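Below is one structure; the comments refer to it alone.
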2 protein chains.
Amino acid sequence: MRGRIIKESIDLFDKKGFSKTSIQDIVDTIGVTKGTFYYYFKSKQELLMDIHQNYIKELLKEQEVILNDEYISCKEKMNRLIHLIIKNIKVHGKSARVFNREVRHLDETQVLLVNKYRKDFRFNLEKLMEEGIERGEFRNHLRSDIVIFGILGMVNRSYNWYNPDGKVSEEELVSIYMDLILNGIKADTNSQ
Amino acid sequence: MRGRIIKESIDLFDKKGFSKTSIQDIVDTIGVTKGTFYYYFKSKQELLMDIHQNYIKELLKEQEVILNDEYISCKEKMNRLIHLIIKNIKVHGKSARVFNREVRHLDETQVLLVNKYRKDFRFNLEKLMEEGIERGEFRNHLRSDIVIFGILGMVNRSYNWYNPDGKVSEEELVSIYMDLILNGIKADTNSQ
């Protein structure tokens, strides 16, 4: 039941927004009483926090596995991490949109915690970037903090426009992003 | 008065969200009656639409000036357009955040119109990208639609984290983005 409440709420928050969705709306959709809701969650805010936490904790766990792989280069790790985010659009697209849009409805302590998780994800990417610079895989005068903000902005923004069931496959999208991130768009004057 | 209503509403929408801000809140902040509000706007939605339109129309006008400049390269146009977006964070940051977050509160006709403007801005960038490819300034096997989605995601996302009064100047941010967009992050194996 807990899972169903979460699933239906994500749908409703995505469609109507957090403020306009009442606990009544949620229980009506599932066909249970408010008591059932309150058995699992203290409030709508706690539910929203739960959605946030589940989503970002799962991402962090998968990020860790990729970062700890000793047999692949920093470039390949970057590639897999971008794939991780894009792959998640299909499975967690709605929950991520809700996450990004409704974060202001959480109270301060909750926001601090969620921001901590988000920062962890970002800082891990910065560390990867710096390791890649040290290893000579990435250019050495890059400001890793801003570059990672840029890359994350680009990739995360896909949640708002990319349709995983459309013409461009997930693999194709990741490879276009990776090509852009690694090589940029400027024509190579030597090869032209 | 019209301008003041718009300004204070942007502040309130940014702080409390659109749904939680009542017309009463808006007029209380300014110290006028609801009658004054209704003299200028039919509804809160009409006001939100107005904020959206002003913001995007102004951007489109400035974009046009840059695109029509015959004396600069496509690269330089791209540079100036990214600068245009970043520069706007200081002046229109709040209104842009409201724009991105509250668009779902507009009705369908309004959404269609706003999306038309947004698409115009994006398609103009795609055309610039294609012109740059034709002229040999940009690599020729790039998919301009996805690349522009990526670049816009990266640059637009700055509205959520970049502080124009912080350590990194607007010029520095634009130059880091341009370096990333043009050259990518991969180390040049010839020069190492």
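In the text below, chain A, chain B and the rest are named by the order of the sequence lines, each starting its count at 1. Here the structure is a predicted model, which is why all the values come from computation and not from measurement.
- Interface remark: B/Val168 contributes side-chain atoms only to the contact with chain A (heavy atom separation under 4.5 Å).
- Contacts with chain B (heavy atom to heavy atom, under 4.5 Å) involve these residues of residues 73-82 of chain A, listed by number: A/Lys75, A/Met78.
- In terms of hydrophobic clustering, with Ile, Leu, Val, Met, Phe, Trp and Tyr side chains grouped at heavy-atom distances under 4.5 Å, A/Val174 and A/Ile72 are assigned to different clusters.
- Counting heavy atoms of neighbouring residues, nucleotides and ligands inside a 6.0 Å radius, atom CD of B/Glu171 exceeds 12 of them.
- Interface remark: B/Leu142 contributes side-chain atoms only to the contact with chain A (heavy atom separation under 4.5 Å).
- Partners of B/Glu58 by salt bridge (charged side-chain N to carboxylate O under 4.0 Å, His left out), not counting sequence neighbours: none found.
- Sparse packing is recorded around NZ of A/Lys119, with 12 or fewer heavy atoms of other residues, nucleotides or ligands lying under 6.0 Å away.
- In terms of heavy-atom proximity, B/Gly136 sits nearest to A/Ala187 at O-CB, 3.2 Å.
- Residue contact with chain A, scored on non-hydrogen atoms closer than 4.5 Å, is absent for B/Asn156.
- Contact tally against chain B (heavy-atom pairs below 4.5 Å) for A/Phe149, A/Tyr177, A/Tyr162: the top residue is A/Phe149.
- Under the rule for a salt bridge (charged side-chain N to carboxylate O under 4.0 Å, His left out), A/Lys61 has no partner lying at least two apart in sequence or in another chain.
- When each of A/Asn160, A/Ile146, A/Leu180, A/Val147 is checked for heavy-atom pairs under 4.5 Å with chain B, A/Ile146 comes out on top.
- Taking a 6.0 Å sphere around NZ of B/Lys15, one finds it holds 12 or fewer heavy atoms contributed by other residues, nucleotides or ligands.
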Practice item. Dump the intermediate steps for side chain to side chain contact (heavy atoms under 4.5 Å, CB included) on B/Asp179 and A/Arg139, then the final yes or no. Key: CA-CA 11 Å; B/Asp179 182 19; A/Arg139 288 194 284 136; 3.0 Å; yes
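- In the hydrophobic clustering of this structure, A/Leu84 does not group with A/Phe123; members are Ile, Leu, Val, Met, Phe, Trp, Tyr whose side-chain heavy atoms approach within less than 4.5 Å, directly or through other members.
- Between the CD1 atom in B/Ile151 and the CZ atom in A/Arg157 there is a gap of 15.0 Å [rounded to 0.5 Å].
- With a threshold of 4.5 angstrom between heavy atoms, B/Leu173 approaches chain A through side-chain atoms but not through N, CA, C or O.
- Considering only heavy-atom pairs separated by less than 4.5 Å from chain A, the leading option among B/Gly17, B/Gly132, B/Gly184 is B/Gly184.
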Would you give me the side-chain donor-acceptor pairs under 3.5 Å for residues 110-117 of chain A, sequence neighbours excluded?
unit_1	atom_1	unit_2	atom_2	d
A/Gln110	OE1	A/Asp107	N	3.0
A/Lys116	NZ	A/Asp120	OD2	2.7

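- Contacts between B/Ile181 and chain A at a heavy-atom distance below 4.5 Å involve backbone atoms as well as side-chain atoms.
- One hydrophobic cluster, built from ILVMFWY side chains closer than 4.5 Å, holds both A/Ile26 and A/Tyr39.
- Atom CE in B/Met178 sits 9.5 Å away from atom NZ in A/Lys186 (nearest 0.5 Å).
- Taking CH2 of B/Trp161 as the start and CZ of A/Arg118 as the end, the distance is 14.5 Å to the nearest 0.5 Å.
- A/Ile185 touches chain B through backbone and side chain together, each having a heavy atom under 4.5 Å away.
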